[in-house]
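One structure is given below, encoded as structure tokens.
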Amino acid sequence: MTSADITFEGVKQFTKHIQRLRKKRRESVMKIRDTRQPRMSPTYDKRQSILAKTGGCCHICGGPITLEDKWQADHVFAYSQGGKESLDNYLPAHMICNNYRWHYSPEEFQWIMKLGVWFRTQIELEDHKALELTEKFMKHEVRRDARRKK
Ligand SMILES: [Zn+2]
């Protein structure tokens, strides 16, 4: 199953599933690690072609990107999973979107989106536990930002 369209009996079963997905991804990264082609940076001309594929939008969030913005040529089929360094495997993505997408498997990323959308709604509804976690998240973001600026 490669779709986050399944239900679980409880939190424990869901947690085990998330842990299994991570383990599976790590194993597959290790398996192909030494056979990957070397990383390359697309030339300026290629970057223009990549950006034109989406009409100048980030393929992850849909927001606008200009050639001057901080954006990356994202591997649609993840480089870490054996995705090729070729024009047909690139789409433009904001640096922040691409960094958070990381090399999660499609199912993991679907879960991340489902969880994120649900959690966002809980914040809007001012759910007590969601607000507690949000406070924790905000502190984490401050620490992360401070580390980044060092
Ligand atoms: Zn984006």
Side-chain angles (χ1 to χ4, degrees), residues 1-8 11 14-15 17-26 28-29 32-33 36-150:
M1 170 109 22
T2 57
S3 164
D5 204 18
I6 44 178
T7 53
F8 296 91
V11 175
F14 180 64
T15 304
H17 184 70
I18 293 294
Q19 290 166 342
R20 258 195 313 274
L21 288 175
R22 181 182 192 275
K23 191 169 180 259
K24 214 169 108 184
R25 169 170 40 89
R26 293 294 307 146
S28 126
V29 166
I32 62 119
R33 201 165 63 168
R36 286 183 303 203
Q37 65 178 133
R39 269 204 183 266
M40 297 181 308
S41 285
T43 60
Y44 184 82
D45 284 353
K46 276 191 179 159
R47 284 176 67 82
Q48 282 182 313
S49 304
I50 294 162
L51 197 52
K53 284 180 170 186
T54 58
C57 294
C58 171
H59 86 102
I60 297 171
C61 76
I65 294 177
T66 65
L67 280 171
E68 292 73 36
D69 285 336
K70 281 187 179 177
W71 67 278
Q72 294 173 326
D74 179 28
H75 296 83
V76 177
F77 178 44
Y79 175 78
S80 62
Q81 299 289 328
K84 297 262 184 296
E85 297 276 9
S86 64
L87 203 54
D88 60 353
N89 193 38
Y90 289 129
L91 281 176
H94 292 119
M95 204 173 268
I96 189 170
C97 295
N98 197 28
N99 287 347
Y100 276 98
R101 180 175 176 260
W102 203 43
H103 53 262
Y104 291 110
S105 70
E107 185 182 342
E108 284 179 294
F109 198 68
Q110 287 174 350
W111 281 119
I112 290 165
M113 287 191 293
K114 282 178 90 170
L115 285 163
V117 168
W118 181 82
F119 193 72
R120 193 215 64 83
T121 304
Q122 299 310 301
I123 294 168
E124 190 180 330
L125 297 172
E126 298 183 31
D127 173 83
H128 179 67
K129 285 194 170 153
L131 295 182
E132 265 180 40
L133 279 174
T134 303
E135 209 172 305
K136 207 171 162 181
F137 169 75
M138 289 167 73
K139 284 178 186 164
H140 164 80
E141 283 290 287
V142 168
R143 281 193 306 270
R144 198 181 60 85
D145 196 46
R147 271 198 312 270
R148 219 180 39 201
K149 285 174 182 163
K150 271 185 187 172

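Residues Y100 and I60 have side chains not in contact (no heavy-atom distance under 4.5 Å, counting atoms from C-beta outward). Side chains of I112 and W102 form no contact here, defined as non-hydrogen atoms less than 4.5 Å apart. Two residues are said to be in side-chain contact when any heavy atoms from C-beta on lie closer than 4.5 Å; E108 and K24 fail this criterion. At a threshold of 4.5 Å between non-hydrogen side-chain atoms, the residues Q72 and N99 count as touching.
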Could you check D45 against T43 for side-chain hydrogen bond (donor to acceptor under 3.5 Å, both in side chains), going step by step and ending with a plain yes or no? CA-CA 5 Å; D45 284 353; T43 60; 5.6 Å; no
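Heavy-atom neighbours of I96 CD1 from other residues, nucleotides or ligands within 6.0 Å: at or below the threshold of 12. For E135, the CD atom counts as loosely surrounded, since its 6.0 Å shell holds 12 or fewer non-hydrogen atoms of other residues, nucleotides or ligands. By the neighbour-count criterion of 12 heavy atoms within 6.0 Å, atom NZ of K114 is densely surrounded, having more than that number from other residues, nucleotides or ligands. In H140, the NE2 atom is crowded: over 12 heavy atoms of neighbouring residues, nucleotides or ligands sit closer than 6.0 Å.
A salt bridge does not link E132 with K136: none of the charged nitrogens is closer than 4.0 Å to a carboxylate oxygen. Ionic pairing of R144 and E141 is present here: one or more N-O contacts between side-chain nitrogen and carboxylate oxygen are shorter than 4.0 angstrom.
For an aromatic pair to be called close, the ring centres must be under 6.0 Å apart, and Y104 with W111 fails this.
Ring geometry for F8 versus H17: interplanar angle of 30 to 60°, hence tilted.
In terms of modelled atom types and a separation under 3.5 Å, the side chain of K53 and the main chain of H59 share no donor-acceptor contact.
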